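Here the structure is laid out as structure tokens; the discussion comes afterwards.
Here is the naming used below: chain letters follow the sequence lines, and residue numbers restart at 1 for every chain. Just so it is clear, the structure is predicted and the values come from calculations on it, not from any experiment. What's counted below: heavy atoms across the whole structure, side chains too, no hydrogens, waters or symmetry copies.
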2 protein chains.
Amino acid sequence: MTDSTVVPLQALKVSCSNCTLRELCLPLGLNREEMTRLDAVIRQSRRLKRGEALFRNGEGFKSLYAVRTGFFKTCISSQDGREQVTGFHMSGELMGLDGISANVHGCNAVALEDSEVCELPFSRMQNLALEIPSLQHHFYRLMSREIVRDHNVMMLLGNMKAEERLAAFLINLSQRLTVRGFAANDFILRMSREEIGSFLGLKLETVSRTLSKFQQQGWIAVDHKHIQLEQPEQLKQLVAGCANAHPTPNH
Amino acid sequence: MTDSTVVPLQALKVSCSNCTLRELCLPLGLNREEMTRLDAVIRQSRRLKRGEALFRNGEGFKSLYAVRTGFFKTCISSQDGREQVTGFHMSGELMGLDGISANVHGCNAVALEDSEVCELPFSRMQNLALEIPSLQHHFYRLMSREIVRDHNVMMLLGNMKAEERLAAFLINLSQRLTVRGFAANDFILRMSREEIGSFLGLKLETVSRTLSKFQQQGWIAVDHKHIQLEQPEQLKQLVAGCANAHPTPNH
DNA sequence: CCAACGCTTTGACCAACATCAAGGCTTACT
DNA sequence: AGTAAGCCTTGATGTTGGTCAAAGCGTTGG
């Protein structure tokens with residue numbers, strides 16, 4: 001066991017400059033002095049338990065949040081209670097961009113496992129961005145990337161069949177996990193079938209059935225939330241036709 | 001007839017400061033000096049004929065474009081040729097935000113009628129935003145608004161039935177036209193049934209049938225592209241249940 | 001002015017996915 | 001450890017919207 005006084009100290013130390021997510025998250029091409037100023041603005045990280053909401057639709061918007069560890073969903077709901085999951089978010093990804101427009105959070109962000117986030121007070125970030133051009137530019141790029149992502153989801157929801165949607169979903173998860181150093185073809189789903197369905201515009205039974213179908217074809221192995229991609233090429237092939245003809249590189 | 005030398009002069013004069021779209025478009029809360037600097041950056045407007053592309057997916061990104069007059073669609077297409085319309089754009093609305101992330105345009109923008117746009121060279125806008133905080137903030141808000149809009153489209157595509165989608169579409173068009181001083185309940189569709197269907201995730205036959213159904217119920221009158229909303233309250237009621245429970249105000 | 005093309009409407013039929021329902025398994029709580 | 005609740009799977013059936021086809025109407029270009 002580690003000395004118990006050491007762990008909390010490490011946990012409290014929040015700085016972009018020595019964050020392992022540096023490559024994924026905000027800072028890009030900042031010099032040491034700029035990085036220090038950024039560190040000064042990032043608020044201490046906040047821990048959430050599974051099921052806990054980071055922010056809720058309609059609450060005042062003050063900050064963006066970057067996932068340090070864990071997994072989140074963001075969702076909106078309609079007057080009569082239909083829920084639409086707008087995204088799943090893992091380490092290094094930013095949440096809350098939709099709150100800027102009206103100074104009110106535009107969705108709910110809920111932790112799907114015990115998680116930790118960095119808080120980025122938006123008005124202070126804005127001021128810093130005025131003084132660090134590359135930070136301003138990076139913010140524009142992040143927001144633009146979210147727009148591109150959303151457009152790809154529109155293509156998925158508007159034009160793709162159930163099997164294609166689910167294949168695209170699995171491949172996308174796999175790729176994002178790979179970037180973070182996790183296994184590409186063996187992972188645990190953090191969300192329920194219903195949440196997958198909500199994101200993909202399908203009912204939970206269809207998600208379940210389609211996973212079973214993939215399994216019968218030997219493409220994947222499903223054991224509840226444990227998924228193994230046994231023939232990821234087959235999944236990729238299924239998605240190839242409906243993929244964006246001009247895919248946007250991520251960086 | 002107006003003296004022919006006067007008209008071109010007026011047409012060439014492009015400035016935000018005396019633009020009738022001032023309220024809808026970019027400048028918000030700028031003083032006179034800031035407005036002048038903005039005017040210096042905005043490039044002369046460009047005219048497009050119906051069917052002409054303003055930019056295409058994959059082309060280098062240099063500028064954002066604001067619609068002055070006319071009507072546009074933006075769309076992406078998949079490798080195997082499926083097309084997804086990601087939005088329709090009318091005067092005062094900005095196009096091209098999805099190009100920032102990769103320095104490459106992320107969609108095609110096509111004029112659906114003879115149109116005119118202002119070109120906003122992005123790098124010069126960025127520099128100006130560094131010096132005019134309210135301009136920087138306004139850009140963030142515009143991008144955030146696009147994200148909110150996209151999330152609402154996801155709700156539409158993921159959770160709504162054909163009738164609800166079409167009603168939402170008509171109501172949305174009506175409201176945007178109203179803001180611009182046009183009749184709320186009597187307008188010409190600039191896009192084809194197929195383009196409406198692509199945006200709404202429906203086939204053109206379904207769009208046509210659903211319009212006919214609305215007409216039979218006496219809610220609307222359809223004469224080809226000429227639409228009259230005779231009982232807009234009925235359409236609104238149809239959409240009420242599936243509307244965002246926490247609608248984001250536009251300003 | 002006519003012909004050709006594109007867009008729209010409508011009908012008949014069909015397929016994909018949703019809905020309803022039941023049973024098994026896992027997890028969480030006491 | 002026992003029990004209840006939630007999640008997942010699978011089957012049977014139903015419905016919405018897609019597909020295929022044909023005909024009408026408008027518009028455009030020669």
Length of the line joining B/Asn159:CG and D/dT16:P, which is rounded to integer Å: 17 Å
Rounded interatomic separation in angstrom, taking CG from A/Leu189 and P from D/dC7: 15 Å
Closest approach of A/Ser144 to B/Leu97 (non-hydrogen atoms, all atoms of both residues): OG-O, 2.8 Å
Ring centre gap for A/Phe88 and A/Phe199 strictly below 6.0 Å: yes
Sugar-phosphate only, base, or nothing, as touched by A/Arg50 at under 4.0 Å among non-hydrogen atoms: sugar-phosphate
Whole-Å gap separating P (C/dT27) and CD1 (A/Ile188): 10 Å
Criterion salt bridge (charged side-chain N to carboxylate O under 4.0 Å, His left out) on B/Arg190 and B/Glu113, from CA distance to verdict: CA-CA 7 Å; B/Arg190 256 57 235 218; B/Glu113 60 178 331; 3.5 Å; yes
Test item: A/Phe182 and A/Thr178 side chains (from C-beta on) under 4.5 Å apart, heavy atoms: no
Between P of D/dC8 and CZ of A/Phe214, the distance in whole Å: 17 Å
Parallel, tilted or perpendicular, as decided by the 30° and 60° cut-offs, for the rings of A/His105 and A/Phe61: perpendicular
Between C1' of D/dG17 and CG of B/Leu200, the distance in whole Å: 13 Å
Nucleotide-resolved protein contact map, nucleotides 8-19 of chain C, B/S/- at heavy-atom distance under 4.0 Å: SBBBB----SSB
A/Leu238 to A/Ala167 - nearest heavy-atom pair and separation: CD2-CB, 3.9 Å
